[in-house]
Amino acid sequence: MLDLTYETPKPKVIAGAKHDWELVIGMEIHAQVSSNAKLFSGASTTFGAEPNSNVSFVDCAMPGMLPVINDFCVAQAVRTGLGLKAQINLVSAFDRKNYFYPDLPQGYQISQLYHPIVGEGEVLVEMGPGVARLVRIERIHLEQDAGKSIHDMDPNLSFVDFNRTGVALMEIVSRPDIRGPEEAAAYVAKLRQILRYLGTCDGNMQNGNLRADVNVSVCRPGDYERYQATQDFSHLGTRCEIKNMNSMRFIQQAIEYEARRQIAILEDGGKVVQETRLYDPDKGETRSMRSKEEAHDYRYFPDPDLLPLEIEQAWVDEIATSMPELPDAKKARFMADYGVTDYDANVLTAELDAAAFFEAVAKGRDGKQAANWVINELFGRLNKQGLTIAEAPVSAAQLGGVLDLIASGEISGKMAKDLFEILWTEGGDPAEVAAARGMKQVTDTGAIETAVDEIIAANPAQVEKAKANPKLAGWFVGQVIKATGGKANPAAVNQIVAQKLGL
Amino acid sequence: MNANELTIAEARDALAKGELSAVDLTMACLTAIDAGTPLNAFVHLTPEIALDQARASDARRGEGAGALNGIPLGIKDLFCTRGVASQAASNILKGFKPEYESTVTSKLFAAGAVMLGKLNMDEFAMGSSNETSCYGDAVNPWKVDDRKLTPGGSSGGSAAAVAADLCLGATGTDTGGSIRQPAAFTGIVGIKPTYGRVSRWGIVAFASSLDQAGPMTKTVRDAAILLGAMAGHDPKDSTSADIPVPDFEAALTGDIRGKKIGIPREYRMEGMPAEIEALWAKGREMLADAGAEIVDISLPHTKYALPAYYVIAPAEASSNLARYDGVRYGHRAKLGQGDGIVDMYEKTRAEGFGKEVQRRVMIGTYVLSAGFYDAYYNRARKVRALIKRDFDQVFAEGIDAILTPATPSSAFGLGEMAHADPVEMYLNDVFTVTVNLAGLPGISVPVGLDAKGLPLGLQLIGRPWDEAGLLNHAHVLEQAAGFVEKPRKWW
């Protein structure tokens, strides 16, 4: 594997009216655990089901109902922790976060405030070739999702859908290590990629299966280094939390807006108020969600319905043995084994199934050529048609067959693209299609010699010119290829033309 | 003698011999319940279910029939029973009929039991006199002059029904003494098992870390039979223990020779009535006469138990009762024009919860709130750990069971405490809450009458999971006391 050492990216600097400012960002990502059943009830988690159809007596908090932990969700959290190189806590515990809202039937969310299942870990966020930010993870805990309140169906009534109630979430909490809007988006993208590799969250942001709360503050150049030296958070400025973001683009816009808002306040001699804010993408601004007087007192306390969650090291080890190869390792291996560029390796490893496709094509073939074909022809075509890799009409075996025909000199690069097109629209075995369509290059020297002889005989003036100036031999090569309908192997033609002209 | 006056063991034997049918036994109870209306013990009757179950149990009599085949029971209103009103004696659950059956009642039915109906209780099991019920007071069948007395609480309806022979046994629940205090007030037996022995699934929660269901019966043997049917591991309750249930009835050998009975000096409260003191001494003598060794012990943190209990129980209750919000089931207040969601919560909960429940929800909310959590809730948890350690230590020193009074007095008059400081009512639990805080089994056994002619009970506290040993000690105490008095039938 390649030993990749990275340079740390420069923090984003925003020039205020008076001086420069730097950004400090920490994130809480809520990732829905991929699981068929909810965290504490056996109810299904299928997305898009009829409202209130995936609801058990436990989910809607009927009297006397009790939660029972879903072991699979625990395994998923452990797997995620291992994927983020994090500490796995063999003993963790669940707490109740109390507040009233119609989409929270119990009147409390079961979460893990005091003893999370996963402790400190890290995520490497690449910002360019050889440049990456190491974002420290503070903790990951398991908790229940809430239901959905629907306010726009009736002018006088609100409705509630409990399908999502009790679905397992992992809250992944970072340290304030992210230093700009682009880094924030890249962090979410990297985390999403890792979770998808692990199969612990599908990362579907549109459905809300991956949401981010973004904590933003601004400080003066040098303050961050003072924080690093002292671990004193006061150097980082007062933060605001922007809630519930589910788009990379909006995350960047919101951070940019929020930083400028805070800078304006500070340069005006004011103070930033620590508060929860919402981003309005239509207006492109953040606004205060609730004032301090309305701030919730969640009255956290240990959930007496659940015993402390104790897991065995042997079980964690068992999960560790079934870990997939993760993006960083895969990228390094692609660069080392297939000689692909840093950029191409990033593209090829972005999604697990794309990487698998590439690897099936590249194995035993020219890696760089395989990368070019997968990225330019395959991905290009998929993007144009809005298809996923799983829907690709050309399989890895078919594309590999095309590359084999190029490598053996049986078809030209140009022909290969035509062949790819035919395979895409009509399917078939590459070698058979190439043969049936007469696409194979003529390497039969006898046929080429005949063609060369004919052209030399018909063009004595050109022969004289070429003998005087060997660079003009190319004209004969072109004529021969034209005469053979493009099928003659250019290398073979070159050689025979030179020989016949006595060059 | 009417069939309803039989004990569970007697009825079981009569049914087995064919001397009695479950239908006749059930009819006798239904007749007694009808006559017992003034006691206000049963609040929802289920005669059709009862007779169906009785007929079915008659049909399957003999080998393979369950331990409670044909035995008519009353069920505390706190247990969810499918299709039958289950309201926790609260207006906020008015009309609530669950679509599920609690684990305990499922097990009882599987053992062949017959459900006569639902029993009165304090609202959400919060109270010591059954005066906080939305159904009105349950009345103690024992009486002094013409004064109506409390049957105790919260399982007041269960206690009154069993003491008045309206049913052969009943289920109760005990969070701080709610089985043992009413049992003592009505001259019956009540056991709170070890925390985790009986599933809490389907029982309306009051304080999850303290709640435990148990039987209320006429005799210790009946308690052993009924507990055997109620107990057992339930995967639906994460706090339920996966350990085998012994044959409790078989453990009633009557032999306690060489056992060590601890007498905790801290339970000798200041101002304790002489009668209670004398009863306690009598209990010591009876156990000593049976060959047990009486040992003075110390449980030094006892005096902190009641305050700790009245922090932890309301804290858990404030959270457990948050689900009664008018959104999905139960009562919802009529809303005015422009009322929002907060108005709905406030009006619904103000109308649906009685005063005592509201008081405890507010106390619980307060002790968990930011800035007070450590001073109250966390400190109470530490006290709880110390109380448990007190017990662990004496058991480690070889004590087999601990004998204490069950209550500081006999039953008091209904309405007598209406204007008292709530803390005076809470003092009823002074001998019982330690057992819940430590998660231990505790049993109340009727031992004698006071000068007014009212029953008094003694409490035995056992080692964790040793209900079998505890029941045997209680059985010896019961036999020695020979308590056979019944309330004069005035209703």
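Every chain is numbered from 1, with letters handed out A, B, ... down the list of sequences.
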- Item | Minimum side-chain heavy-atom gap B/Y377-A/P302 below 4.5 Å | yes
- Message: Check this for me: B/Y376, atom OH, are more than 12 non-hydrogen atoms of other residues, nucleotides or ligands nearer than 6.0 Å?
- Response: no
- Message: For the NZ atom on B/K347, are there more than 12 heavy atoms of other groups (residues, nucleotides or ligands in this structure) within a distance under 6.0 Å?
- Response: yes
- Query: Which distance, rounded to the nearest 0.5 Å, do you find between the CZ of A/R299 and the OG of B/S318?
  - Reply: 5.5 Å
- Do the non-hydrogen side-chain atoms of B/P235 and A/V68 ever get within less than 4.5 Å of each other? no
- Check the surroundings of atom CZ in A/R277: do more than 12 heavy atoms from other residues, nucleotides or ligands lie under 6.0 Å from it? yes
- A/V160 side chain reached by B/R328 side chain, heavy atoms, under 4.5 Å: no
- Which one of A/L104, A/I69, A/D297 has the most heavy-atom pairs closer than 4.5 Å to chain B? A/D297
- CG of A/N36: more than 12 outside heavy atoms within 6.0 angstrom? no
- Message: If you count heavy-atom pairs within less than 4.5 Å of chain B, which of A/S158, A/C60, A/A61, A/P67 leads?
- Response: A/A61
- Task: Could you grab the distance from atom NZ of B/K236 to atom OG of A/S41, nearest 0.5 Å is fine?
- Result: 13.0 Å
- Query: Of the backbone (N, CA, C, O) and the side chain (C-beta and beyond), which part of B/F79 lies under 4.5 Å from a heavy atom of chain A, both, or neither?
  - Reply: neither
- Item | chain A contacts, top residue of B/A207, B/G326, B/C80, B/S319 (heavy-atom pairs, under 4.5 Å) | B/S319
- Task: Measure B/I341 against the heavy atoms of chain A and call it side chain, backbone, both or neither at under 4.5 Å.
- Result: side chain
- Task: Mind listing the closest non-hydrogen atom pair of A/F301 and B/A315 along with its distance?
- Result: CZ-O, 4.2 Å
- Task: For residues A/M65 and B/Y100, determine if any side-chain heavy atom of one lies less than 4.5 Å from a side-chain heavy atom of the other.
- Result: yes
- Pick one of side chain, backbone, both or neither for A/D305, based on which atoms fall under 4.5 Å of a heavy atom in chain B. both
- Message: Is it true that, when you exclude A/Q231 itself, more than 12 heavy atoms of the residues, nucleotides or ligands shown sit nearer than 6.0 Å to its CD?
- Response: yes
- Closest non-hydrogen contact found for B/S238 with A/L306 is OG-CD2, 3.8 Å
- Item | Heavy atoms from other residues, nucleotides or ligands near CD of B/E99 exceed 12 (cutoff 6.0 Å) | no
- Message: Is there a side-chain contact between A/P63 and B/Y329 in this structure, where contact means two heavy atoms from C-beta onward sitting under 4.5 Å apart?
- Response: yes
- Bottom line for B/V327: the part with an atom under 4.5 Å from chain A's heavy atoms is side chain
- Message: Do B/R323 and A/Y108 pair up side chain to side chain, a donor and an acceptor below 3.5 Å, judged on atom types alone?
- Response: yes
- Query: chain B heavy atoms under 4.5 Å from A/Y300: which part of the residue, side chain, backbone, both or neither?
  - Reply: backbone
- Task: Would you mind checking which part of B/L93 comes under 4.5 Å of any heavy atom in chain A, side chain (CB onward), backbone (N, CA, C, O), both or neither?
- Result: side chain
- Query: Can you tell if the side chain of A/L307 reaches within under 4.5 Å of the side chain of B/T239, non-hydrogen atoms only?
  - Reply: yes
- Side chain / backbone / both / neither for B/F124 at chain A, heavy atoms under 4.5 Å: neither
- Task: Determine which residues belonging to residues 359-372 of chain B lie within contact range of chain A, meaning some heavy atom pair is under 4.5 Å apart, and list them by number or answer 'none'.
- Result: B/T365, B/L368, B/S369, B/A370
- Side chain proximity check, A/F100 to B/R349, heavy atoms < 4.5 angstrom: yes
- If we only count heavy atoms from C-beta on, is the B/N320 to A/R96 side-chain gap below 4.5 Å? yes
